[in-house]
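To start, the structure itself, in structure tokens.
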Amino acid sequence: MDNARSSPSLWKDAWRRLSRNRLAMLGLCVLTVMVSLALLTPWIAPYSYSAQDLDLGATPPSGAHWLGTDAFGRDLLTLILYGSRVSLAVGFLATAVALTIGVLWGTVSGYAGGRTDAVMMRTVDILYALPFTIFIILLMVIFGRNMFLLFMAIGAVEWLTMARIVRGQVLGIRRQEYIEAAIVMGLPRSRIMYRHVLPNVLGVIIIYTTLTIPNVILLESFLSFLGLGIQPPQSSWGLLISYGVETMEEYPWLLFFPAATLSLTLFSLNFLGDGLRDALDPRAATD
Amino acid sequence: MSDSNHKIVNRLLTALFVLLASACSLNYESNVESGNRDQILHLGNGDEPQELDPHITTGIPEFHIQHALFEGLVAKHPKTMAIEPGVAETWEVSEDLKRYTLHLRHDARWSNGDPIKAGDFVYSWKRALTPALGNLYAYMFYPIQNAQEYFEGKLDDFNLVGVHAPDEYTLVVDLKAPTPYFLQLLDHHSYFPVHPPTIEKFGAFGERGTRWTRPGNFIGNGPFTLKEWKLNRILIVEKSPTYWDAARVRLKEIHFYPIPNGSTEERMFRAGQLHITERVPLEKINVYKRENPAALSISPYLGTYFYRFNTTHKPLDDKRIRMALALSINREQIVERVTKGGQIPAYNFTPPDTNGYTPRARISYDIDRARALLAEAGYPEGRDFPALELIYNTDEGHRSVAIALQEMWKQALNINIRLSNNDWKVYLDRESHLDYELSRAGWIGDYLDPTNFLDLFVTNGGNNRTGWSNQRYDELLNQAGMTGDQTARYELLQEAEAILMEEVPVAPVYTYTRVRLIDPTVRGWEDNILDQHPYKYVHLEAAE
């Protein structure tokens with residue numbers, strides 16, 4: 001019950017500070033728009049994502065096709081909209097997987113210390129040493145190709161860095177007086193971790209998360225390019241960009257618009273992440 | 001701005017600089033400039049050659065190099081592809097067209113100075129037919145009496161095979177049946193001679209992958225000899241002083257670069273690093289047509305781009321379904337809008353005018369009939385049709401054709417196709433084990449004769465890979481092999497082609513063209529349908 005009484009003020013506080021940060025709010029708005037567009041795509045997309053018009057071919061932006069068409073005469077806006085569903089889903093879900101495993105692993109390892117820490121971190125080291133591509137290819141070969149597995153595979157690789165960072169932070173926080181005080185007061189370990197350790201590493205976690213999402217989006221395109229991710233006519237931002245690079249000189253808009261969309265998302269995430277870090281910092285709570 | 005943003009901005013800036021640096025042409029002398037001065041030809045050669053042994057390889061990149069390093073009994077005219085003397089100066093053919101007597105020139109030498117004897121050819125062909133060597137092109141020898149029996153192990157005595165050397169400079173070949181294209185086979189790499197002492201020095205007679213093809217060890221008989229081979233970087237051949245026609249050879253060296261990526265190759269060409277590319281990326285073809293048409297070379301190529309159907313797999317075991325798929329390909333649109341390299345829509349399997357043979361049987365583009373057939377086979381309007389998987393090897397061109405076809409089939413028949421790209425080796429493996437449903441494929445002619453194409457689909461043929469088998473078809477090809485009269489032979493082949501187009505184990509898409517970028521300083525590189533370019537006629541001439 002104690003928890004329920006005091007939390008609202010922390011989150012309310014954080015929201016108050018966040019809403020004062022203009023860049024962060026802008027980022028939040030852009031992301032909200034992106035996500036809603038992605039969710040509404042089947043109803044708002046101007047064309048079908050597989051519909052080709054070979055005779056039309058690649059055309060620059062025009063009234064009929066706002067962002068132009070690709071070499072198959074497919075509407076680029078439609079492709080980007082459908083691509084956002086895949087990319088954002090992969091980005092958020094795979095990051096969520098990485099976040100859950102990484103934070104748990106790092107907190108436990110950092111807080112427990114000693115032999116537990118050593119074993120847990122050596123496990124991370126060993127996994128680090130596995131070549132990423134081969135690891136994912138192995139997973140795909142064993143379990144077959146599907147979208148869900150793609151999230152899991154990417155998440156399963158991305159949590160390693162997260163675990164290390166969180167552990168480092170936790171190691172530092174553990175020696176703080178207020179933690180010792182909490183221990184003296186006889187609070188259970190899980191409660192100390194949840195109430196005192198986690199809020200203090202939240203900033204770092206958020207920053208790293210906002211960096212992981214674009215990473216994961218690009219990873220997906222790499223895997224799809226190798227034939228391990230999604231396959232045509234389905235599309236994703238990463239795939240659109242990698243095709244765009246091939247035809248950069250002939251059809252620049254095929255690179256520009258998908259890349260601009262990805263960059264916009266990336267910046268928004270970063271601004272929002274920055275804002276959240278500042279807003280959620282418990283040390284700033286008394287300003 | 002936070003730290004992480006700085007990092008990203010930095011990364012973007014670095015990327016920009018790298019782009020700029022590679023876009024600016026640097027000021028040192030390019031390969032093309034120095035090559036023109038020293039007569040060194042720089043060639044893009046696709047993939048890294050797996051091996052140089054002419055009795056082992058099957059690939060095109062290897063063949064390009066072997067043509068410089070070896071010479072067969074006969075050669076070809078660079079333009080007309082007519083047979084010219086090679087190691088053999090003259091030859092006679094018996095009246096029943098089954099015995100060839102070839103007279104070797106006395107001045108033909110190996111690159112170490114040894115004279116080339118008729119016995120070397122007997123030795124080499126015996127090696128090529130030794131089962132232990134596992135030559136995938138052994139079937140090229142099957143027109144020769146008892147060659148097939150020897151290769152299949154039914155015969156142990158090579159003396160019974162129709163190849164004999166009555167004296168040092170005469171070779172007599174006895175054929176099973178009159179084979180009008182036999183002389184052409186002599187220019188194929190599987191018929192090239194190898195130097196017996198060198199083979200023996202580095203391993204056993206039938207041993208694969210010995211070190212005899214390494215620089216320093218290598219002995220050949222072609223206009224060029226091996227100088228340097230750096231894996232995945234470059235392979236250099238230099239003019240051979242012992243070659244009998246060395247006076248005609250004007251190039252000093254040829255540098256072969258393995259460049260599997262088309263865009264990389266095109267950038268190298270633009271930077272003056274290559275005289276000739278192996279291909280041109282699809283999206284660059286129109287750029288060159290517009291801005292540098294002189295460098296773009298598009299020539300007809302004896303090859304068919306097609307799709308294989310796995311006829312052992314439901315529902316593709318039903319020929320009506322296969323026909324429906326084949327009928328709903330808009331080939332005109334594919335060549336004009338997707339491949340754009342001047343390819344010719346293919347409505348039958350053998351390319352038109354293959355040594356005077358143009359197939360009459362045709363698959364048309366007829367959506368109405370395709371829909372009717374699909375309905376007849378139990379899938380009206382594509383209802384309940386299982387989603388089929390289409391495999392292709394990783395390549396931007398194959399992917400584009402596959403994406404276009406996927407949508408054509410969806411529009412015409414309302415059926416779904418899943419695309420799946422595979423690594424070259426995985427793709428070959430899946431195809432030959434019939435572990436696929438639809439597969440993209442291509443076949444390039446080794447010699448100018450329709451049997452080179454139609455032979456593919458005989459029952460259990462090594463390159464059939466569709467599981468298709470038709471007794472009448474096998475009979476027709478067998479009969480054609482026994483017939484010496486060209487007109488009668490072609491009639492038999494026409495009938496076979498009609499069966500093939502009736503049963504559609506494969507759907508032809510287009511007849512290849514060879515699209516390359518060629519620097520205008522290259523002379524004597526003639527367009528021809530086999531895409532073979534005897535290097536001894538090539539030289540470089542810098543514009544004044």
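- For chain A, the option among Ala402(B), Pro281(B), Ser400(B), Gly262(B) with the highest count of heavy-atom pairs below 4.5 Å is Ser400(B).
- The aromatic rings of Phe385(B) and Tyr379(B) stand perpendicular to each other, their planes meeting at an angle above 60°, with 30° marking the opposite boundary.
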Which pairs of donor and acceptor atoms, one on a side chain in residues 254-267 of chain A, lie under 3.5 Å apart (sequence neighbours left out)?
unit_1	atom_1	unit_2	atom_2	d
Thr261(A)	OG1	Phe257(A)	O	2.6
Ser263(A)	OG	Ala259(A)	O	2.6
Thr265(A)	OG1	Thr261(A)	O	2.7

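- Neither the backbone nor the side chain of Tyr208(A) comes within contact range of chain B; no heavy atoms are under 4.5 Å apart.
- In this structure, the portion of Lys284(B) lying under 4.5 Å from any heavy atom of chain A is its side chain and not its backbone.
- With sequence neighbours left out, Thr339(B) forms a side chain to side chain contact (heavy atoms under 4.5 Å, CB included) with Ile334(B), Val335(B), Gln343(B), Val401(B), Tyr510(B).
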**Prompt:** Given the rule in the salt bridge (Lys or Arg N to Asp or Glu O under 4.0 Å) test, do Arg371(B) and Glu381(B) qualify, once you have shown the distances and angles that lead to the verdict?
**Reply:** CA-CA 7 Å; Arg371(B) 284 183 182 142; Glu381(B) 284 158 34; over 6 Å; no

